[in-house]
Trainee: 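Pasting in a structure now, in structure tokens, and then I'll have a few things to ask.
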Protein chains: 2
Amino acid sequence: MTETKPPLWQQVRDEMARDIRSGKVYPGELLPTEKALSERLGVHRHTVRRALQELREQGLVRTEQGRGTVVLEQPFEYKMGRRTRFSENMSLNRLKARSHFLYGDVITASELVAGQLELRPRSRVSYIEMYGEAEGKRVFVASQYIPHVDMEDLIAVFRKTGSLTKAYRHYGIKDYFRKVSRITTRLSNPEETRLLKLKQKQPLLVVEYVNVDPSGRPIEFGITRFSGDRMEIVVEGN
Amino acid sequence: MTETKPPLWQQVRDEMARDIRSGKVYPGELLPTEKALSERLGVHRHTVRRALQELREQGLVRTEQGRGTVVLEQPFEYKMGRRTRFSENMSLNRLKARSHFLYGDVITASELVAGQLELRPRSRVSYIEMYGEAEGKRVFVASQYIPHVDMEDLIAVFRKTGSLTKAYRHYGIKDYFRKVSRITTRLSNPEETRLLKLKQKQPLLVVEYVNVDPSGRPIEFGITRFSGDRMEIVVEGN
DNA sequence: TTGAATTTGTACGTATGTATA
DNA sequence: ATATACATACGTACAAATTCA
């Protein structure tokens, strides 16, 4: 059994991957130039290029001709399933995640909202806007519509607890499920760009969903807009 | 039991919605101006505006100040679930959907591909690129990686049948399931912009997935890029 | 607006080791 | 054992994109 060293380019790749994953180089930063790397590591530029090619395939870096190679932010995973809840989701990912209240009011449902919630047209609904952070980064903004029946103080309770799940529990809804999710993409508008602290308009993942209680009655219609380069949606099993 | 007519603005809204959905006015076209509409329908401009507001909320039109109101293309639905197959999916939607072969070869798996397919590094895999059309519109481009074992002629069979599902059946794989899907978004690159016949770079829905046979063995790793304004992903039940 | 310097992309060459038929 | 193909590594030149004075 002879122990052989892996090829040079793989050693280079692994060393660079380590530096990136360990946080030695920060996301958004440029790596040293291929020339600088090859001189520092004592290998040919082609060897560095071979390593960079793999790092690109792994989604760790992005190379721009004439500019350099930038370290990419690794997106957070948003596991979407029947039991989807944002805060649980993120804490499972050992991330510090929090939702922040932006605005709440009782409004008249538009046709779309009434339809999704299976309410009569122009029913009254609670409307809540919030944004979410993970590891200090803004990762989503969300709008939620909740039937106003028997939940007059929902907004106040939500502000107190900071969690819709907890607010629901306060009203006797102990459990709920994701009925359907519709996923689209579009560029952020100025408002979203500001709220998500993006440098410029960028693609968003837009998830429109309906949550239902155990009896199948809709209790929440929501539109969540995820920052496309900070989040990815994972649908498992399914 | 008194029968009451709905408000005037709702009648206007419903008539306009009918015209759009029936294809009387085409996506991309400008609607008549609010003034022209109000005169033709014999209602006040504000009544037309109230109707347009609802159409905007329903995602049927987009209004641009100083220009007019454009009819939006309605995206196709891509139902994603355990039994996801593109062609079945689209035909269920009573759409004429077809996949078109672009390129196929046998290549050495990158680390990412080998990992996803649970193969040894640098295993040989079949690689297929294709694009999909629905109703004459390009809606996705896809890259698939399939373990090369016992499927030497996969590419030839795929070209003949035009369906991966059928090609698999030819090799005795009668059924397969979606194990996991990862959904992200980013702007199209020049190649994708060209293949999807987009006018300029636009947000894509990028779905990376793994399909497994009934025993749980990975048989396909794929990356599908959907044109963001022509497709939406629907995850049901889940 | 232009042009030079910098950086990455591509394409050729050479040499050598390793796996395979 | 030999021939062939493939992987690795370095050499050189120039094209293309970006940056900045």
Side-chain angles (χ1 to χ4, degrees), chain A residues 1-21 24-74 198-203 229, chain B residues 102-129 141 143 145-156 186-195 198-202 204 221 223 225:
Chain A
M1 204 76 177
T2 59
E3 189 62 30
T4 60
K5 268 192 293 188
L8 240 191
W9 67 265
Q10 286 185 21
Q11 300 177 40
V12 172
R13 175 199 65 195
D14 294 341
E15 180 173 341
M16 295 176 71
R18 242 195 328 276
D19 287 351
I20 291 171
R21 282 195 242 266
K24 202 161 160 184
V25 285
Y26 291 95
E29 276 184 4
L30 286 177
L31 286 180
T33 65
E34 294 174 354
K35 188 160 170 289
L37 283 168
S38 67
E39 284 168 1
R40 181 204 293 178
L41 300 170
V43 298
H44 195 271
R45 179 174 159 230
H46 285 338
T47 309
V48 171
R49 283 183 62 75
R50 183 72 184 82
L52 284 172
Q53 187 190 315
E54 293 265 326
L55 296 181
R56 278 191 291 272
E57 282 175 8
Q58 290 179 26
L60 285 176
V61 300
R62 181 186 64 241
T63 298
E64 294 168 28
Q65 190 177 19
R67 184 150 176 267
T69 299
V70 290
V71 180
L72 295 178
E73 300 203 28
Q74 289 311 296
L198 302 172
K199 296 205 181 72
Q200 55 194 20
K201 65 181 177 181
Q202 283 187 349
D229 55 357
Chain B
L102 277 174
Y103 174 78
D105 202 355
V106 178
I107 62 170
T108 301
S110 70
E111 205 175 83
L112 170 69
V113 171
Q116 295 293 321
L117 290 174
E118 298 175 15
L119 298 173
R120 285 206 310 271
R122 290 196 254 156
S123 300
R124 303 293 282 171
V125 294
S126 297
Y127 173 66
I128 292 177
E129 276 181 29
V141 292
S143 307
Y145 302 85
I146 299 116
H148 192 49
V149 195
D150 292 332
M151 288 202 247
E152 280 82 8
D153 274 331
L154 179 83
I155 295 168
R186 60 172 171 77
L187 293 174
S188 58
N189 61 35
E191 169 84 352
E192 291 158 344
T193 304
R194 185 177 61 79
L195 283 171
L198 302 172
K199 295 203 182 71
Q200 56 193 20
K201 65 181 177 180
Q202 284 186 352
L204 305 177
F221 169 58
I223 304 174
R225 286 139 286 168

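Below, chain A is the first sequence line, B the second, and so on; all start at residue 1.
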Trainee: By nearest atom, which of the nucleotides D/dT8, C/dG9, C/dT8 is closest to the A/T69 side chain?
Mentor: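 Selected nucleotide: C/dT8.
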Trainee: May I ask you to evaluate whether A/R67 reaches the phosphate of D/dT19, defined as a side-chain N or O under 4.0 Å from OP1 or OP2?
Mentor: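 Looking at the OP1 and OP2 atoms of D/dT19, one of them is under 4.0 Å from a side-chain N or O of A/R67.
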Trainee: Given atom CZ of A/R50 and atom P of C/dA11, what is their separation to the nearest angstrom?
Mentor: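 Roughly 17 Å, once rounded to whole Å.
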Trainee: Report the C-alpha separation of A/W9 and A/E54 in whole Å, then their side-chain angles, then the decisive distance to 0.1 Å, and conclude whether the side-chain contact (heavy atoms from CB on, under 4.5 Å) test is met.
Mentor: CA-CA 10 Å; A/W9 67 265; A/E54 293 265 326; 3.4 Å; yes
Trainee: Rounded to whole Å, how long is the line connecting atom CD of A/E39 with atom C1' of D/dC10?
Mentor: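 Those two atoms, CD and C1', are 14 Å apart.
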Trainee: Between A/Q65 (CD) and D/dT18 (P), how many Å, whole number?
Mentor: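 Taking CD of A/Q65 and P of D/dT18, I get 7 Å after rounding.
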Trainee: Could you give me the CA-CA distance, side-chain angles and deciding distance for A/E57 and B/V113, then say whether side-chain contact (heavy atoms from CB on, under 4.5 Å) is met?
Mentor: CA-CA 9 Å; A/E57 282 175 8; B/V113 171; over 6 Å; no
Trainee: When you measure from the side chain of B/T193 to the backbone N and O of B/L198, does any donor-acceptor pair fall under 3.5 Å?
Mentor: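 Not a single qualifying donor-acceptor pair exists.
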Trainee: Distance check needed: C/dG9 P versus A/E64 CD, whole Å only.
Mentor: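 In whole Å, C/dG9 P and A/E64 CD are 10 Å from each other.
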Trainee: Which whole-number value in Å describes the distance from A/L31 CG to C/dT8 C1'?
Mentor: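 Computing the A/L31:CG to C/dT8:C1' distance gives 13 Å.
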Trainee: Taking OP1 and OP2 of C/dG9, is either one under 4.0 Å from a side-chain nitrogen or oxygen of A/R49?
Mentor: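 Answer is yes, contact under 4.0 Å.
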Trainee: Walk me through whether A/L31 and A/L52 qualify under side-chain contact (heavy atoms from CB on, under 4.5 Å).
Mentor: CA-CA 10 Å; A/L31 286 180; A/L52 284 172; 4.0 Å; yes
Trainee: Find the distance A/W9:CH2 to D/dC10:P and express it as a whole number of Å.
Mentor: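 Rounded to whole Å, this separation is 14 Å.
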Trainee: Compare side-chain N and O positions of A/T47 against OP1 and OP2 of D/dT8 and report whether any pair is under 4.0 Å apart.
Mentor: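 Checking D/dT8 against A/T47, no side-chain N or O comes under 4.0 Å of OP1 or OP2.
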Trainee: To the nearest Å, give me how far apart CG (A/L30) and P (C/dT8) are.
Mentor: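 Rounded to the whole Å, the gap is 9 Å.
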Trainee: When you get a sec, tell me which of D/dG11, D/dA9, C/dT7 is the closest nucleotide to the side chain of A/T33?
Mentor: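 Selected nucleotide: C/dT7.
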Trainee: Can you tell which of A/R45, A/R50, A/R40 makes a salt bridge (Lys or Arg N to Asp or Glu O under 4.0 Å) with A/E34?
Mentor: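 Of the listed residues A/R45, A/R50, A/R40, the salt bridge (Lys or Arg N to Asp or Glu O under 4.0 Å) partner of A/E34 is A/R45.
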Trainee: Among D/dA9, C/dG9, C/dA11, find the nucleotide with the atom closest to the side chain of A/H46.
Mentor: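 Selected nucleotide (nearest to the side chain): C/dA11.
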Trainee: Without decimals, in angstroms, what is the distance between A/K35 NZ and C/dG9 P?
Mentor: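 These atoms are roughly 17 Å apart.
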Trainee: Is there, by distance only and without an angle test, a donor paired with an acceptor across the side chain of A/R45 and the base of C/dG9 below 3.5 Å?
Mentor: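 When only heavy-atom distances are counted, A/R45 does reach the base of C/dG9 through a donor-acceptor pair under 3.5 Å.
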